[in-house]
Amino acid sequence: MNNNNEIKRSSNAENILSQIDRKTKLGDLRKIAKDIKKNHELAMELWSTEELLPRLLAILIMDKKLLSQEVLNKLDKDMQTHIFDERNNLMDWLMANQLSKDKKTIALMESWENSPSALQRRAYWYYQARLRWTGQTPPDNTADLLSTLEANITREEPEVQWAMNFTAGWIGVYDENNRERCIEIGEKTGLYKDEVVAKGCTPSYLPEFITIEVNKRQNTIG
């Protein structure tokens with residue numbers, strides 16, 4: 001049974017919720033969050049709506065010091081009530097806006113490679129990809145990541161598979177020594193080979209993804 005209607009929310013939370021509707025964009029949420037700054041209590045009130053946009057806003061104003069493994073497990077469980085794309089969206093947003101910003105939460109993410117939660121495993125892999133695509137010097141775990149990828153990617157849940165594939169893509173773009181190996185992972189698995197992408201978007205199929213992204217960078221330099 002959903003007790004949402006019985007939840008008494010503060011006037012502050014009600015005021016914020018009145019500013020959010022279906023036309024609200026992510027940029028609008030960022031503006032609202034900038035005005036609020038950090039407010040964990042308010043974040044939990046917004047989270048309790050069980051709706052996507054208030055939850056995305058909640059993530060932006062959470063206090064990362066309070067994001068223990070226990071709290072993250074609870075948020076993860078709550079995300080399971082959303083449809084597939086929404087729950088991935090919530091975990092990716094949490095990773096990018098909170099978990100990747102603090103040494104303690106980075107350490108938690110780095111412990112999630114074999115987490116029982118598919119969303120936590122997704123965050124682990126997506127973070128590895130992010131380290132590479134943001135141009136940071138990647139940790140020296142590339143060889144281990146690729147061995148794990150080759151062994152496990154075809155057996156993984158779809159949401160984790162995507163993040164693993166994404167990691168292999170960025171390793172292939174930035175690490176010339178491993179480029180051929182990453183292309184071969186794509187050829188062997190055939191993942192996303194038939195995916196239709198919008199104009200201007202890079203396909204996820206590794207041989208195409210790596211070739212296109214490498215060419216983009218070479219053309220920029222040239």
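All heavy atoms count here, side chains included; hydrogens, waters and symmetry mates do not. When a residue number appears, it is its place in the shown sequence, counting from 1.
Under 4.0 Å is where a charged nitrogen must lie from a carboxylate oxygen, and between Glu51 and Arg55 no such pair does. Between Arg121 and Glu156 a salt bridge is recorded (basic side-chain N to carboxylate O distance below 4.0 Å). Using a cut-off of 4.0 Å between Lys/Arg side-chain N and Asp/Glu carboxylate O, Arg181 and Glu184 are scored as not salt-bridged.
Between Tyr174 and Trp170, the two ring planes are parallel [angle under 30°; tilted spans 30° to 60°].
For the 3.5 Å distance criterion, the side chains of Ser117 and Arg122 fail to qualify, holding no donor opposite an acceptor. Counting only N and O atoms by type, the side chains of Gln161 and Asn165 include no donor and acceptor under 3.5 Å apart. Thr81 and Glu50 share no donor-acceptor pair across their side chains, judged by distance under 3.5 Å alone. Between the side chains of Asp28 and Gln19, no donor N or O sits under 3.5 Å from an acceptor N or O. Between Ser10 and Glu45, the side chains place a donor N or O and an acceptor N or O closer than 3.5 Å (distance only, hydrogens not considered). Donor-acceptor pairing under 3.5 Å is lacking for the side chains of Asn15 and Arg9.
Judged by distance alone, with hydrogens and angles left aside, the side-chain atoms of Glu159 form no donor-acceptor pair with the main-chain N or O of Asn88 at under 3.5 Å.
Atoms CG and CD, from Leu108 and Gln69 in turn, are 5.5 Å apart once rounded to the nearest 0.5 Å.
The cluster map of Ile, Leu, Val, Met, Phe, Trp and Tyr, joined by side-chain heavy atoms under 4.5 Å apart, puts Ile212 and Ile183 in different clusters. If you chain together hydrophobic residues whose side chains sit under 4.5 Å apart, Leu206 and Val197 never meet in one group.
Asp175 pairs by the salt bridge (Lys or Arg N to Asp or Glu O under 4.0 Å) definition with nothing, not counting sequence neighbours.
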